[in-house]
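The figures that follow rest on heavy atoms only: side chains count, while hydrogens, waters and symmetry mates do not.
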Number of protein chains: 2
Amino acid sequence: MNITRAWEILKNSGYKKTDKRELILNMFDESEKYLTARDLLTVLKKDYPGMSFDTIYRNLTTFVELGILEETELNGEKNFRMQCESEHHHHHFICMDCGNVKEIPVCPMEMMSEKLPDYTIESHKFEIYGKCPNCQ
Amino acid sequence: MNITRAWEILKNSGYKKTDKRELILNMFDESEKYLTARDLLTVLKKDYPGMSFDTIYRNLTTFVELGILEETELNGEKNFRMQCESEHHHHHFICMDCGNVKEIPVCPMEMMSEKLPDYTIESHKFEIYGKCPNCQ
DNA sequence: ATGTAAATCGTAATGATTATGAATTAGAAA
DNA sequence: TTTCTAATTCATAATCATTACGATTTACAT
């Protein structure tokens, strides 16, 4: 997902272009990692000391709903990241040191439906945590 | 995991037998589902109105450390459940209606190491959510 | 029976997230 | 360009789960 596409989605959905949204999207554009609401707030308070929780959280929720960001739970905190470009369904390896993310080219869900007849699968979570090559 | 085994572990690790611990363990023994700290507190307050957060949380942490309970994050809350007997590594299907849990007899991690050379895998999460046959 | 470390109680602190009401602003329409 | 209105933001408070703490009580080894 790039910024241009993100604004496209926002505009099409009737959302306005504000400088707060711009700052938030830029932070995600420049980071490979998952970020928390606090991460954003700390950085953005420097330029906009008035920046409030509400603005951050409300926009994060909107962005996730629109498919601009993806969300996962890490250490009891919500973490956000630019939604991946790749059109194919995939999962993530998350480095516990640097926080960077690598796509895993396999989805274990393929074989699951046949292993669980009579069960309706609504969603799933498959994440691997560890150290990436740079952080060994 | 049965209660006898749980007390064995506790005793071997130098923990004392208290009635609060007994109540907590009994609740898990009688439930197939994941329970939250709040679930426990609400029930236990009936018999022991003085039961405090501290007691619940402290014991939950201890039980997880000792491998008596297992823990997972569900809707931003910590959820706990008696550690499974099965000696083989496995994962869970969790019913979003009744909360019951079914073991999945496959682990997608087997094929992962070869797909991620140079990455050190420290942990992973593979959970499937949906509706079990009873709750269709 | 006694001493002591462990456990509990009651309550307060923390930290993330959500909610609210008033003030401001973006962007469409006149 | 000016005006209008819904969207957005600000400032702050409320909520909810979890953790922490000092004082008191308890389990159990000796």
Side-chain angles (χ1 to χ4, degrees), chain A residues 6-27 34-66 68-81 99, chain B residues 6-27 34-66 68-81 99:
Chain A
W7 282 121
E8 222 173 278
I9 296 175
L10 281 165
K11 185 153 204 175
N12 290 345
S13 313
Y15 289 94
K16 295 178 177 172
K17 180 166 188 166
T18 70
D19 39 356
K20 307 300 147 51
R21 287 215 235 270
E22 194 153 23
L23 286 170
I24 296 175
L25 285 176
N26 280 339
M27 273 198 67
Y34 277 98
L35 302 175
T36 65
R38 183 155 303 277
D39 290 336
L40 293 165
L41 197 63
T42 343
V43 172
L44 300 184
K45 276 242 177 183
K46 287 175 191 164
D47 292 339
Y48 288 72
M51 177 76 74
S52 87
F53 290 107
D54 186 63
T55 306
I56 300 281
Y57 279 109
R58 186 171 22 70
N59 281 311
L60 288 178
T61 309
T62 306
F63 293 162
V64 170
E65 278 167 3
L66 295 177
I68 293 171
L69 296 182
E70 53 188 292
E71 177 187 345
T72 194
E73 192 100 23
L74 233 51
N75 308 319
E77 273 179 275
K78 290 188 182 176
N79 281 250
F80 303 86
R81 182 173 185 279
Chain B
W7 283 120
E8 222 173 278
I9 296 174
L10 281 165
K11 183 152 204 175
N12 290 346
S13 313
Y15 289 94
K16 295 178 177 174
K17 180 166 189 166
T18 71
D19 40 355
K20 305 301 147 51
R21 287 215 235 269
E22 193 153 24
L23 287 170
I24 295 174
L25 285 176
N26 280 340
M27 273 198 66
Y34 277 99
L35 302 174
T36 65
R38 184 154 303 275
D39 290 336
L40 293 165
L41 197 63
T42 338
V43 172
L44 299 185
K45 276 243 176 183
K46 287 174 190 165
D47 293 339
Y48 288 73
M51 178 76 72
S52 87
F53 290 106
D54 187 61
T55 306
I56 300 280
Y57 279 108
R58 186 170 24 69
N59 281 311
L60 288 177
T61 309
T62 305
F63 293 162
V64 170
E65 278 168 2
L66 295 177
I68 294 171
L69 296 183
E70 52 189 292
E71 177 185 346
T72 195
E73 191 101 21
L74 233 49
N75 308 317
E77 274 179 275
K78 290 188 181 176
N79 281 249
F80 303 86
R81 182 173 186 278

_nucleotides 8-19 of chain D: protein proximity per nucleotide (B base, S sugar-phosphate only, - neither; heavy atom, under 4.0 Å)_ = SBBB-----SBB

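Atom P of nucleotide C:dG10 and atom CD1 of B:Ile56 are separated by 13 Å, given to the nearest angstrom. Rounded to an integer number of Å, the gap from B:Leu25 CG to C:dA7 P is 13 Å. Regarding A:Glu65, its CD atom lies at a distance of 11 Å from the P atom of C:dT18, rounded to whole Å. Note: CG (A:Leu10) to P (C:dA26) measures 15 Å, nearest angstrom. One interatomic measurement links the two molecules: CG of A:Asp39 to P of C:dT17, which rounds to 11 Å at whole-angstrom precision. Protein atom CG of B:Leu41 is 14 Å distant from nucleotide atom C1' of C:dT11, rounded to whole Å. Atom pair A:Asn12:CG and C:dG27:C1' shows a separation of 16 Å (rounding to whole Å applied).
Checked by atom type and distance alone, the side chain of A:Ser52 pairs as donor or acceptor with a backbone atom of A:Asp54 at under 3.5 Å. Not one N or O on the side chain of A:Asn26 forms a donor-acceptor pair closer than 3.5 Å with the backbone of A:Leu23.
Side chain to side chain, A:Thr62 and A:Asn59 fail the donor-acceptor criterion of an N or O pair below 3.5 Å.
For B:Glu8, the salt bridge (charged side-chain N to carboxylate O under 4.0 Å, His left out) partners are B:Arg5, not counting sequence neighbours.
Taking CG from A:Leu74 and CG from A:Asn79, the interatomic distance works out to 4.5 Å, rounded to the nearest 0.5 Å.
A 6.0 Å sphere centred on CG of B:Asn12 holds more than 12 heavy atoms belonging to other residues, nucleotides or ligands.
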